[in-house]
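Take a look at the structure set out below.
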Amino acid sequence: MDRVTFATSSGLVWLVLALHFAAGLAAIVGGTIALAAQKGGALHRRSGAVFTWSMLGLGLSAAGIGAYEGNAGQVFAGLFAAYLVTTGFTALRPLPIGDRALSVGLMVLAFVSAATMVYGGYAEWADPSVPVVGRPRVVPPLVGGSILLLASLGDWRALRANGLRGAPRVARHLWRMCFGLFVATGSFFLGQMKFVPEPVRILPLMLVLAFAPIPFLLYWLWRVRIRKLMAGLTLSSRHAT
């Protein structure tokens with residue numbers, strides 16, 4: 001099926017597209033504010049909640065659109081985004097009911113998806129006749145599958161330890177939220193570049209905006225996991241335990 005657009009769709013499909021676009025913009029704004037605000041402060045928590053719910057809307061709508069178009073890669077990407085922000089959010093704010101069951105289910109889903117992506121990447125590498133449409137060969141499924149595999153192994157370690165504490169818990173939250181924001185910025189500034197005003201539609205600028213969350217992700221992992229510097233992170237006792 002051809003790619004659906006605002007101009008070629010109507011009814012429910014148009015509404016899902018509108019939700020997808022609005023959720024993407026809200027996720028970028030909310031995630032940027034959360035990234036800049038004092039970690040654990042009131043503004044960080046509120047903007048983080050906006051980011052989380054917007055990313056869930058973005059990811060699930062992307063998966064729905066991908067299923068409608070018959071685009072398996074977009075389905076995986078949408079579910080991956082939803083998985084990241086859900087596990088990142090619940091790392092510090094577990095659900096009152098069913099949190100462990102949800103964590104187990106998401107871990108299994110992530111592991112199966114990672115194995116499928118890695119196998120698909122290997123199949124593309126081993127057999128050049130495998131058709132690939134709309135993306136480079138081999139690299140996206142191998143890279144995405146590897147990241148998802150590492151994330152699922154992190155889920156297993158957290159479940160085995162019956163919950164993380166201290167720096168590992170904060171790092172789990174930070175890297176998953178930062179990578180989720182990268183999914184949103186990359187999808188918008190590169191995947192939807194046509195919606196950016198033409199005077200600023202400059203490829204180097206779009207690349208910088210798309211990849212901007214990655215340096216922050218690396219910084220926070222270095223600070224929290226390697227240097228173990230927790231100063232400036234305002235965590236309540238409920239979050240810190």
Side-chain angles (χ1 to χ4, degrees), residues 16 19-20 23-24 26-27 30-31 34 45 48-122 140-184 186-187 217 221 225 238-241:
V16 174
L19 168 65
H20 179 70
R45 292 196 301 271
V50 171
F51 170 71
T52 299
W53 287 108
S54 298
M55 282 298 298
L56 284 173
L58 177 69
L60 294 178
S61 61
I65 294 168
Y68 180 78
E69 294 177 337
N71 186 338
Q74 184 168 321
V75 174
F76 275 122
L79 294 178
F80 180 39
Y83 157 80
L84 279 178
V85 297
T86 300
T87 54
F89 185 81
T90 56
L92 292 187
R93 305 173 81 173
L95 300 177
I97 300 175
D99 184 75
R100 188 173 180 84
L102 176 64
S103 297
V104 171
L106 290 176
M107 178 191 68
V108 172
L109 177 63
F111 182 81
V112 172
S113 298
T116 302
M117 292 175 71
V118 170
Y119 176 78
Y122 172 76
L142 286 183
V143 172
S146 298
I147 293 172
L148 194 51
L149 178 61
L150 291 174
S152 66
L153 292 176
D155 294 341
W156 177 73
R157 288 194 295 269
L159 287 166
R160 187 181 63 171
N162 197 28
L164 300 176
R165 303 291 185 271
R169 186 178 189 183
V170 175
R172 174 181 170 87
H173 167 77
L174 289 170
W175 91 258
R176 290 171 187 247
M177 292 305 219
C178 285
F179 203 92
L181 180 57
F182 166 62
V183 172
S187 299
L217 184 158
L221 286 182
R225 290 291 285 168
R238 178 178 63 137
H239 294 169
T241 57

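This structure is a prediction, so every number in the text was calculated from the model and none was measured.
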If you define the side chain from C-beta out and look only at heavy atoms, does anything of [X] sit under 4.5 Å from [Y]?
X	Y	result
F179	I147	yes
F76	L148	no
L149	V118	no
L56	T86	yes
L79	L60	yes
L164	R157	no
R176	V85	no
R172	T90	no

Salt-bridge contact D99-R93 (side-chain N to carboxylate O under 4.0 Å) | no
Sequence neighbours excluded, the answer for side-chain contact (heavy atoms from CB on, under 4.5 Å) partners of W156 is M107, R160
Output the distance between atom CG (L106) and atom CG (L84), rounded to the nearest 0.5 Å.
-> 10.5 Å
Could you tell me the separation between the CZ atom of F111 and the CG atom of L153, rounded to the nearest 0.5 Å?
-> 7.5 Å
Minimal non-hydrogen separation, [X] against [Y], with atom names:
X	Y	result
A81	M55	CB-CE, 3.8 Å
A184	L58	CB-CD2, 4.1 Å
M117	G145	CE-N, 3.6 Å
L217	C178	CB-CB, 3.7 Å
A34	G48	CB-N, 4.0 Å
V75	A67	CG2-N, 3.4 Å

Any donor and acceptor pair, going by atom type alone, linking the side chain of R169 with main-chain N or O of A91 inside 3.5 Å?
-> yes
Does Y119 have any ring pair (Phe, Tyr, Trp, His ring centres under 6.0 Å) partners at least two apart in sequence or in another chain, and if so, which?
-> none
